[in-house]
Asks: 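Dumping the structure here so I can ask a few things about it.
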Amino acid sequence: MRTSELVFKSLRETPQDAEAASHKLLLRGNYIRRLTSGVYSFLPLGYRLLRNVERIIEEEFDRVGAAELLLPALQPVEIWRATGRIEKMADVLFGVEGKSGSFVLGPTHEEAVIEAMNPDIESYRDLPKLVYQLQTKFRDEPRARFGLMRTREFIMADGYSFDADRDEMRASYQKFYGAYLAIFARLGLLAEPVEADAGSIGGDVNHEFMVASIIGEDHFARCEGCGYQANIEAARAGDRQAVEVDGEIEPKTYSTPNAPGIESAVAALQALGVDVEIGGMIKSMLLIDEAGRPVLALLPGDRSLKVPHGMRLADDTEMAGFAKGYIGPQGQSPRMQVLADPLIRTRPSWASGANEPGSHTVGLRLGVDFSVDRFEDLAVVEDGDPCPRCGVALSLLRSVEVGHTFQLGLTYSAVLPQARFRSVSGEELPYWMGCYGIGVTRIPAVVAEQYGSLDGDAVVWPVEVAPFVVSIVGVGATKDNQVAETSARLHASISEAGLSVLIEDRNVSTGVAMRDLELIGSPIFCIVGARSLAKGVVEVRDRIHDRTIEVALDEVVETVVRLGRELASERR
RNA sequence: CGGGAAGUGGCGCAGCUUGGUAGCGCACCUGCUUUGGGAGCAGGGGGCCGCGGGUUCAAAUCCCGCCUUCCCGACCA
């Protein structure tokens, strides 16, 4: 392809609404263009990049025996009502009212795939079955971010597995899991599988594939000691040394008017000369469990609450009858269930709200002044917390979620009567499902973060995803016939050799040509110029290792092909 | 949804404080000269100054309302 044929007009300055390096690069290099917040067009260069990503995914899914299909984006609300996810996912659903009924723009496709597969899965003989699709999905995200990182319309690669029992489901899961590792390796991404929370998709065992990146929206905890890794939503900390309750301390209550909340309470107590710190306060949070009963959760004041599964925070009406801002654990236990993070065992005494407005109590002892019904992980893990497996300090890494695999089990089949098959013994049984998603449109951004310059003015794409593996520039080609002819011949023969190749054919200065090609990001450059032609050579630049070699004219194609192969197999 | 910043030719910005009818760089068009790392000279085109209302003889500029975009946060009683 020629640069003149590409829809390509590079930007010399970065648009002001780009913050992330990948976003700057993608805009400056004419890969994408925003239509509205979180909605992007892929221009020819960006689409070539995207197609390469898709091709890699398709090849690896095919390899594990999954068959590609395509499901509708436009889905009748009825199938969403049937699984109850019309409510569960309400905050991200885009609805469409048509003359022919109410529809949902699919944010995910579990319902649709079950409908599509239903007549084809009748018997155990039809199982296992692995399928996948690449589809545009729609989610009304509260906030789109960082260009392609989080968008409202995006493409996702979705694998689905259908199995007769748990063991077979696990075997299917392993197949996709293996395909995932192969895909991310080919994309040049160091994606780490971490234990995760299943969220609104449901199911039991699941892994997120995380790439450490400064534009990540997630954090995961990693243990250097034993390799334990978990998303911060799911991470647990190991036990800390419990501390003996101090028998000498007596509770004392202070008047602290207008000091709701931990921080103002500490300030108010300190103003009274009391020696307290934020970490020595108990944060008492009112939760509501599945049965609608109040539950009190206790954790240190400097910690964040991880709301336990099936529970939610109480709203203002449910808090009527409680001293909002001054809740404490004293005397609560018989009235309602009191849960506490194990960290509540690590101090001899605590300060807390006194259960009446404008008062706080210090010197509260666990088991003496307040009691706990159950200890449970309630605090979000922080940097330096001990690993739950080996006790070594955990570190927290900012990261991007590029994929998520789930063992759904019977989550969907249990509620959908059509999700059944006939077993060997003739019984009708629900089938076991797994689902496996990769954020396809997000990948170019993540790869660009990793392989692009900080200010977004150059990138070196990995060979397998590069829009063009080779870029040719003929220096002074408009004036020099020999340069022009040699470049054109190289372009034709490299293309014939099977590599994607771009030739600069616009009448621009060398500086402009080079800057633009750096934005397009081919890992290999061929520079043809009168100076080197006089010596019978062409400059071949390996941009990954930043090496330039002079290659005899008749060996250029062979050299470039070999270099391309080497660079593709190399792990950067 | 809460907080912050910003909307002026395609892109980056100035002008706004102190109202007088819009300017710079890049990009674009024409011509000539250039071409081994974002060329030079000369000429030229393009803007309901985000939208609506108000104040005023007069509004990009002052006042009110709205919209859009970006960043941070969104459960911490």
Side-chain angles (χ1 to χ4, degrees), chain A residues 8-20 23-24 27-28 30 33-39 91 140-147 149-150 215 217 233 259-266 278-279 281-288 294 296-308 311-316 318-329 341 352-357 360 378-380 457-458 473-480 483-484 504 506-519 525 527-534 538-539 541 548:
Chain A
F8 178 80
K9 185 165 285 182
S10 66
L11 268 33
R12 294 210 175 175
E13 280 153 315
T14 33
Q16 59 130 57
D17 53 359
E19 193 87 1
H23 192 194
K24 291 178 185 172
L27 288 174
R28 287 196 54 178
N30 259 247
R33 191 155 291 152
R34 202 194 69 216
L35 179 60
T36 183
S37 180
V39 181
D91 47 342
D140 200 354
E141 296 286 348
R143 174 143 90 94
R145 258 188 244 249
F146 299 139
M149 259 303 301
R150 179 166 296 275
I215 60 163
E217 303 173 293
E233 319 261 315
I262 300 287
E263 281 181 27
S264 47
V266 168
I278 290 180
M281 297 283 301
I282 285 183
K283 186 183 282 188
S284 309
M285 300 189 67
L286 190 64
L287 304 176
I288 304 294
L296 196 66
L298 309 181
L299 65 164
D302 57 355
R303 289 296 183 139
S304 301
L305 175 69
K306 189 168 68 183
V307 178
M311 299 198 189
R312 58 176 176 81
L313 290 163
D315 61 29
D316 276 357
E318 288 160 332
M319 286 189 61
F322 291 89
K324 183 175 177 178
Y326 300 91
I327 301 179
D341 189 88
S352 171
N355 286 318
E356 54 183 277
H360 282 87
L378 294 174
V380 173
D457 60 359
V473 55
V475 177
T478 44
K479 218 177 51 176
D480 187 324
V483 170
E504 173 61 85
R506 298 169 304 171
N507 183 17
V508 293
S509 71
T510 313
V512 171
M514 296 305 289
R515 292 288 207 140
D516 279 352
L517 292 178
E518 276 156 15
L519 238 23
F525 279 5
I527 298 151
V528 182
R531 214 156 68 190
S532 40
L533 277 188
V538 164
E539 283 169 45
R541 199 175 286 181
T548 301

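A quick note: this is a predicted structure, and the numbers were derived from the prediction, not measured. Residue numbers start from 1 in every chain, and the chains themselves are labelled A, B, ... in the order their sequence lines are given, proteins ahead of strands.
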Asks: Grab the two heavy atoms, one from A:L286 and one from A:P294, that are nearest each other, plus how far apart they are.
Replies: CD1-CB, 4.0 Å
Asks: Specify the separation, in whole Å, of atom CD of A:E19 and atom P of B:rC71.
Replies: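 Interatomic distance, CD of A:E19 to P of B:rC71: 6 Å.
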Asks: Only one of A:N355, A:L299, A:L296 forms a side-chain contact (heavy atoms from CB on, under 4.5 Å) with A:S284, so which one is it?
Replies: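 Result: among A:N355, A:L299, A:L296, A:L296 is the only option passing the side-chain contact (heavy atoms from CB on, under 4.5 Å) with A:S284.
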Asks: Reckon A:S509 touches a base, only the sugar-phosphate, or nothing at all at heavy-atom distances under 4.0 Å?
Replies: base
Asks: Name the nucleic acid region contacted by A:Q16, choosing base, sugar-phosphate or nothing; use a 4.0 angstrom heavy-atom cut-off, strictly under.
Replies: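 The answer is sugar-phosphate, as A:Q16 gets under 4.0 Å only of primed atoms, P, OP1 or OP2.
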Asks: Give a yes or no on whether the backbone of A:L287 and the side-chain of A:R312 come within a donor-acceptor separation of less than 3.5 Å.
Replies: no
Asks: Across the strands shown, which category fits A:L299 at heavy-atom distances under 4.0 angstrom: base, sugar-phosphate, nothing?
Replies: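 It contacts nothing in the nucleic acid.
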Asks: Can you tell me, in whole Å, how much space there is between the C1' of B:rC48 and that of B:rG9?
Replies: 13 Å
Asks: What distance, rounded to whole Å, do you find between the two C1' atoms, one in B:rG37 and one in B:rC70?
Replies: 33 Å
Asks: Between atom CG in A:L286 and atom P in B:rA77, what is the gap in whole Å?
Replies: 13 Å
Asks: In the strands shown, is B:rG9 matched to any nucleotide by a Watson-Crick or G-U wobble pair with both distances under 3.5 Å, and which?
Replies: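 Pair assignment: B:rG9 / none.
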Asks: Mind calculating the distance between CD1 (A:I288) and P (B:rA77) to the nearest angstrom?
Replies: 17 Å
Asks: Heavy atoms under 4.0 Å, any strand shown: does A:S10 hit a base, just sugar-phosphate, or nothing?
Replies: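 If one applies the 4.0 Å heavy-atom cut-off, A:S10 turns out to touch a base.
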Asks: Under 4.0 Å: is that the gap between some side-chain N or O of A:S37 and OP1 or OP2 of B:rC70?
Replies: yes
Asks: What contact category does A:R34 fall into here, base, sugar-phosphate, or nothing, at under 4.0 angstrom with non-hydrogen atoms?
Replies: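 Sugar-phosphate: the residue A:R34, judged by heavy atoms under 4.0 Å, touches backbone atoms but no base.
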Asks: For A:E518, which contact category applies under a 4.0 Å heavy-atom criterion: base, sugar-phosphate, or nothing?
Replies: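 If one applies the 4.0 Å heavy-atom cut-off, A:E518 turns out to touch a base.
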Asks: Can you measure A:K479 atom NZ to B:rU33 atom C1' for me and round it to whole angstrom units?
Replies: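 After rounding, the gap between these two atoms is 11 Å.
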Asks: Check the distance between B:rG12's P and A:D17's CG and give it to me in whole angstrom.
Replies: 7 Å
Asks: Looking only at heavy atoms, what is the nearest atom pair of A:G529 and A:V483, with distance?
Replies: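 Minimum heavy-atom separation between A:G529 and A:V483: C-CG2, 3.9 Å.
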Asks: Can you tell me, in whole Å, how much space there is between the C1' of B:rC11 and that of B:rA74?
Replies: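 Each nucleotide's C1' atom is 33 Å from the other's.
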Asks: Could you tell me whether A:R541 contacts a base, only the sugar-phosphate backbone, or nothing, with contacts defined as non-hydrogen atoms closer than 4.0 Å?
Replies: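 The answer is base, as A:R541 lies within the cut-off (heavy atoms under 4.0 Å) of a base atom.
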Asks: Can you list the residues that meet the side-chain hydrogen bond (donor to acceptor under 3.5 Å, both in side chains) rule with A:R531, with sequence neighbours excluded?
Replies: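 Testing A:R531 for side-chain hydrogen bond (donor to acceptor under 3.5 Å, both in side chains), a comparison that skips the adjacent residues, returns none.
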Asks: Mark yes or no for a side-chain to base donor-acceptor pair under 3.5 Å between A:R28 and B:rG38, with no hydrogen or angle criteria applied.
Replies: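 When only heavy-atom distances are counted, A:R28 does reach the base of B:rG38 through a donor-acceptor pair under 3.5 Å.
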Asks: Does A:S284 have a side-chain nitrogen or oxygen under 4.0 Å from the phosphate oxygens OP1 or OP2 of B:rA77?
Replies: no
Asks: Within the 4.5 Å heavy-atom criterion, are A:I278 and A:E263 side-chain neighbours or not?
Replies: yes
Asks: Between A:T510 and A:T36, who's closer to the 5' end of RNA chain B by nearest nucleotide?
Replies: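 With A:T510 and A:T36 compared, the 5'-side residue is A:T510.
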Asks: For B:rC16 and B:rG23, measure between their P atoms and round to the nearest Å.
Replies: 15 Å
Asks: Quick one: look up who B:rA59 pairs with, Watson-Crick or G-U, both distances under 3.5 Å, and put none if it's unpaired.
Replies: none
Asks: Check this for me: does the side-chain of A:R143 come within 3.5 Å of the base of B:rG2 through a donor and an acceptor?
Replies: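 Side chain to base: no pair present.
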Asks: Measure distances between side-chain N and O atoms of A:S532 and base N and O atoms of B:rG36, and say whether any donor-acceptor pair falls under 3.5 Å.
Replies: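 For A:S532, whose side chain was compared with the base of B:rG36, there is a donor-acceptor pair (under 3.5 Å).
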Asks: Measure the distance from CZ on A:R150 to P on B:rC72 and round it to the nearest whole Å.
Replies: 12 Å
Asks: So which heavy atom on A:A297 is nearest to which on A:L378, and how close?
Replies: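 In this case the closest contact between A:A297 and A:L378 is CB-CD1, 4.0 Å.
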Asks: Just call it for A:S304: base, sugar-phosphate, or nothing, with non-hydrogen atoms closer than 4.0 Å on any strand.
Replies: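 Base contact.
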Asks: Across all strands, who's sitting opposite B:rC28 as a Watson-Crick or G-U wobble pair, both distances under 3.5 Å?
Replies: B:rG44
Asks: Please measure how far the C1' atom in B:rC75 lies from the corresponding atom in B:rU68, and state the result in whole Å.
Replies: 29 Å
Asks: Pick the C1' atom in B:rG25 and in B:rA39, then give their distance to the nearest Å.
Replies: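 It comes out at 16 Å once rounded to the nearest Å.
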Asks: Could you measure between the two C1' atoms, the one in B:rG43 and the one in B:rG7, and give it in whole Å?
Replies: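 About 33 Å, rounded to a whole number of Å.
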Asks: Give one of base, sugar-phosphate or nothing for A:F322, where a contact means two heavy atoms less than 4.0 Å apart.
Replies: nothing
Asks: Atom CE of A:M514 and atom P of B:rA39: how far apart are they, to the nearest Å?
Replies: 14 Å
Asks: Where the side chain of A:E539 is concerned, which of B:rG36, B:rU34, B:rA39 is the nearest nucleotide?
Replies: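 Of the candidates, B:rG36 comes closest.
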Asks: I'd like to know if A:E13 reaches the base of B:rG38 with its side chain, counting only an N/O donor and acceptor under 3.5 Å.
Replies: no
Asks: So what does A:A265 hit on the nucleic acid, given a heavy-atom distance under 4.0 Å: a base, only sugar-phosphate, or nothing?
Replies: nothing
Asks: Choosing from B:rA77, B:rG36, B:rG12, which nucleotide comes nearest the side chain of A:I527?
Replies: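 Of B:rA77, B:rG36, B:rG12, B:rG36 is nearest to the side chain of A:I527.
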Asks: Does B:rC1 have a Watson-Crick or wobble mate here (both distances under 3.5 Å), and if so which one?
Replies: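 In the structure as shown, B:rC1 has B:rG73 as its Watson-Crick or wobble partner.
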Asks: In whole angstrom, what separates A:R506's CZ from B:rG37's P?
Replies: 17 Å
Asks: Toward the 5' end of RNA chain B, which comes first, A:V475 or A:G325, by nearest nucleotide?
Replies: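 On the 5' side of the pair lies A:V475.
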Asks: Roughly how many Å apart are B:rC63 and B:rC71, using the P atom of each and rounding to a whole number?
Replies: 28 Å
Asks: Minimum heavy-atom separation for A:H23 and A:E19, please, with both atom names.
Replies: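 Looks like ND1-N, 4.2 Å.
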Asks: Over all strands shown, is A:A314 touching base, sugar-phosphate only, or nothing at heavy-atom distances under 4.0 angstrom?
Replies: base
Asks: Base, sugar-phosphate, or nothing for A:I262, non-hydrogen atoms under 4.0 angstrom?
Replies: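 The answer is sugar-phosphate, as A:I262 gets under 4.0 Å only of primed atoms, P, OP1 or OP2.
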Asks: Heavy atoms from C-beta onward define the side chain here; which of B:rC72, B:rA77, B:rA27 lies closest to that of A:M285?
Replies: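 Output: B:rA77.
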Asks: Does any non-hydrogen side-chain atom of A:I527 lie less than 4.5 Å from one of A:T548?
Replies: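 The answer is no; the side chains never approach within 4.5 Å.
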Asks: Are OP1 or OP2 of B:rG12 and a side-chain N or O of A:R12 less than 4.0 angstrom apart?
Replies: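 Answer is no, no contact under 4.0 Å.
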